[in-house]
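Below is one structure, written out as structure tokens; comments come after it.
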There are 4 protein chains.
Amino acid sequence: MKKTKIKRDPAGSREKILQAALEEFAEFGFDGARMDGIVKRAGVSKNLAYHYFGGKESLFLEVMEQMYVRMRAHHADLEIRHMSPIEGMSQLVRHTFAHFVEHPEVISLLNSENLHNAIHIRGSRKISELYSMLTEVIESLLERGVEAKVFRTNVDPMDLYISISALGYFYLSNQHTLGAIFHKNLTDPERLKAREDHIVEVILGYLKP
Amino acid sequence: MKKTKIKRDPAGSREKILQAALEEFAEFGFDGARMDGIVKRAGVSKNLAYHYFGGKESLFLEVMEQMYVRMRAHHADLEIRHMSPIEGMSQLVRHTFAHFVEHPEVISLLNSENLHNAIHIRGSRKISELYSMLTEVIESLLERGVEAKVFRTNVDPMDLYISISALGYFYLSNQHTLGAIFHKNLTDPERLKAREDHIVEVILGYLKP
Amino acid sequence: MKKTKIKRDPAGSREKILQAALEEFAEFGFDGARMDGIVKRAGVSKNLAYHYFGGKESLFLEVMEQMYVRMRAHHADLEIRHMSPIEGMSQLVRHTFAHFVEHPEVISLLNSENLHNAIHIRGSRKISELYSMLTEVIESLLERGVEAKVFRTNVDPMDLYISISALGYFYLSNQHTLGAIFHKNLTDPERLKAREDHIVEVILGYLKP
Amino acid sequence: MKKTKIKRDPAGSREKILQAALEEFAEFGFDGARMDGIVKRAGVSKNLAYHYFGGKESLFLEVMEQMYVRMRAHHADLEIRHMSPIEGMSQLVRHTFAHFVEHPEVISLLNSENLHNAIHIRGSRKISELYSMLTEVIESLLERGVEAKVFRTNVDPMDLYISISALGYFYLSNQHTLGAIFHKNLTDPERLKAREDHIVEVILGYLKP
DNA sequence: GATGAATGAGGTTTCATTCAT
DNA sequence: TATGAATGAAACCTCATTCAT
């Protein structure tokens, strides 16, 4: 009849749900993820998730936005302006790869979102904005490199950005099928280091004038 | 000449189910796909799919194997031996990209399979065998290129294969999120052509001695 | 005083499902029973049964355990210690028979369980414990009877227990085939009384020194 | 286009199906048995079973009737008339027990039939007839035993027949639950022999004047 | 704010039976 | 006589969501 103690911690609960959702969506994808699984991970009641986020789709969107925010924050850490173009480009490539390695959920979430034709983020203004920064960084690097005659001309920044991402993303996102085919564990630290070096070589090779 | 209503057609029914499953799995992923959707596409009764394939998982495996077989067949079409190393490498890159463009289901299926840690194909001997061919082609190209002094040395064939795939695969697999971010339609024919050229430049740039 | 429509009643719902399952399993056996039938009897939604019990098998196990508990409770009601050995044995026999008559579900459930090689209860510690009591009662009666020179020696308590059960159980469990063969209704009260007396005579006749 | 050879063996197929059905029904009960399982055991096509027997229920009835016929044949083997009443009764008891031991399917089938309220055999004239013989044998033995002053009077032949069956039937039909409770394997040959002796003692003890 | 009991709709799978050959 | 492909109905079970407390 009398409730002795009920923990109330709105912000804490919200954050726990978000984190749990991130893990669940990353592990199983949008369709494979279960609301039951999320609330169990979060250690909160079912309805609380609905109370805060409205439903599975909205929760997924919020998870996606948070993921993009973290990605942007990670990239913002990188101070490239004072580096030489080649050094800057190398660092950008390594930084991008490192983020995928440290945050495998990024890959799961993006794959899920693409399977659903990006319906969740298509409308999100937040996300779109995040990328202007990246494009600017790349454009600036390219300009300085061309000026210093260490980079070729006629490079499309978008294509370059996509290629930088692609070379690491695909390696990690398809690690299981590739691993099954080549009978190797693609995530062992030495192989990861080798891959990173390879990607740097590919990108710098391409940019060589 | 042609029967308007075919009632018995074992091979045909099996094939129709397989094709329908390919489409459904490609569109929704393994978890999002519905057996109902598959049998409806195939125009057969639900039970028939179970009769032939045993269940959703086995059906998915069969679809995956078929997909790999087709991929191998596509690559086998390419006669590279008589080309110069640079011409051969270009053709390999373009061929690979074209296959992804023409068979978008490959990307969905592989993403699904990787989300599930490749549990379906891990045991499949068939698939593993398919790749020896590709590796051999690449190794042979690299040797000839080095000999002719048009390619650099110290290139890991596996890394190269992964990069060739990655540059096209990621562009297509993430077309919806990238499109949302850059406000472009990545699959319009001109952009596809530009991307293909870009990939060739990246790979050849990297291989330059 | 009484709510016409009760919406929330955890313990009640659980109990209703259990009772409904008991009836359904008793009527149709494990394989013949339908989860739909159970939830319909219980007046709850299908999922609730799964929520509480996990599945058909677990529900059956719980029903079995409850049945054994009731059986034990019924036997515990019988105070035999102060009776003479012959009187005690008669009462035990009549008590056992009465329980089968009043709880026909016991027979259905045990037959079902035996058809499945006792897979459900094999692991259940609960059930095993229930029987030590019965064995002790029988052993004590036998000792006192031998001492008082009213019972023969060399009686295996397990065999005796099985025979006491068998003589009533089989009569009831096979009442329909036996009834069809002998053209009699074996459950009419007079015949039940006669059978009970017969069983007492058989057991006491066997125990006579 | 051309069928090289189709085996035709009407009687053989029918018999194979019947035998397969006996095994399947015995193993899983009526509800647990699968038509697929039966035709697979029999090694014939699905429709053949329907062609010969009409359906699952009719097939079950036929299996039941065959089972009763075999039981009768087994009992007819026993020549009791020339034995002393006590010897004859012992032999009848042992013979009955042996049949249950050697034909465990009898127990499964009868349990299944009783679960369904004997709907299949209720109408079968064949089966009813089989029992007159048994009753006559028992009545004759009882008369001779009373006359020879080795048996008590006032014994109901039906009750006696049921008890003779019960003591063996229940032991075997409930062997799995009893085994789980008493932690014994009830079908090990020594225990079977002991049980048989026990049953003889019980029946003869009861009949002692 | 917080709980978890309860649900309807729909998921995968199974099964006795029929039908074209 | 014989086959096995094909089916409709219904089985068990799951899941996102809601509701009384």
Result block: side-chain N/O donor-acceptor pairs under 3.5 angstrom for residues 32-40 of chain D, not counting sequence neighbours:
from  : atom 1 : to    : atom 2 : distance (Å)
D:R34 : NH1    : D:D31 : O      : 3.0
D:D36 : OD1    : D:K46 : NZ     : 3.0

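- Salt bridge status for B:R14 with B:E62: present, with a side-chain N to carboxylate O gap under 4.0 Å.
- One finds no side-chain N or O of D:Y52 lying less than 4.0 angstrom from the OP1 or OP2 phosphate oxygen of F:dT1.
- Side chain of B:T177 to main chain of B:N174: a donor-acceptor pair is present (N/O by atom type, distance under 3.5 Å, no hydrogens or angles).
- D:Q66 places no side-chain N or O within donor-acceptor distance of the main-chain N or O of D:L18, the cut-off being under 3.5 Å.
- Looking at heavy atoms from C-beta onward, C:I107 lies out of side-chain contact with D:N114 at the 4.5 angstrom threshold.
- Listed by first residue number, the stems of DNA chain F with at least three Watson-Crick or G-U pairs below 3.5 Å are E:2-21 with F:2-21.
- Between D:F28 atom CZ and E:dA16 atom P the separation is 12 Å, expressed in whole Å.
- We find the NZ-OH distance between B:K16 and B:Y52 to be 10.0 Å, quoted to the nearest 0.5 Å.
- With rounding to the nearest 0.5 angstrom, the CZ atom of B:R70 is 7.5 Å from the NE2 atom of B:H103.
- The side chain of B:S13 contributes an N or O atom lying less than 4.0 Å from OP1 or OP2 of F:dA6.
- Regarding C:F60, its CZ atom lies at a distance of 14 Å from the P atom of F:dC12, rounded to whole Å.
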Readout for nucleotides 7-14 of chain E: B = base within 4.0 Å of protein heavy atom, S = sugar-phosphate only, - = neither; 5' to 3' it is BB--SBBB
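- Between B:R41 and B:E27 there is a salt bridge, since a side-chain N of the basic residue sits under 4.0 Å from a carboxylate O of the acidic one.
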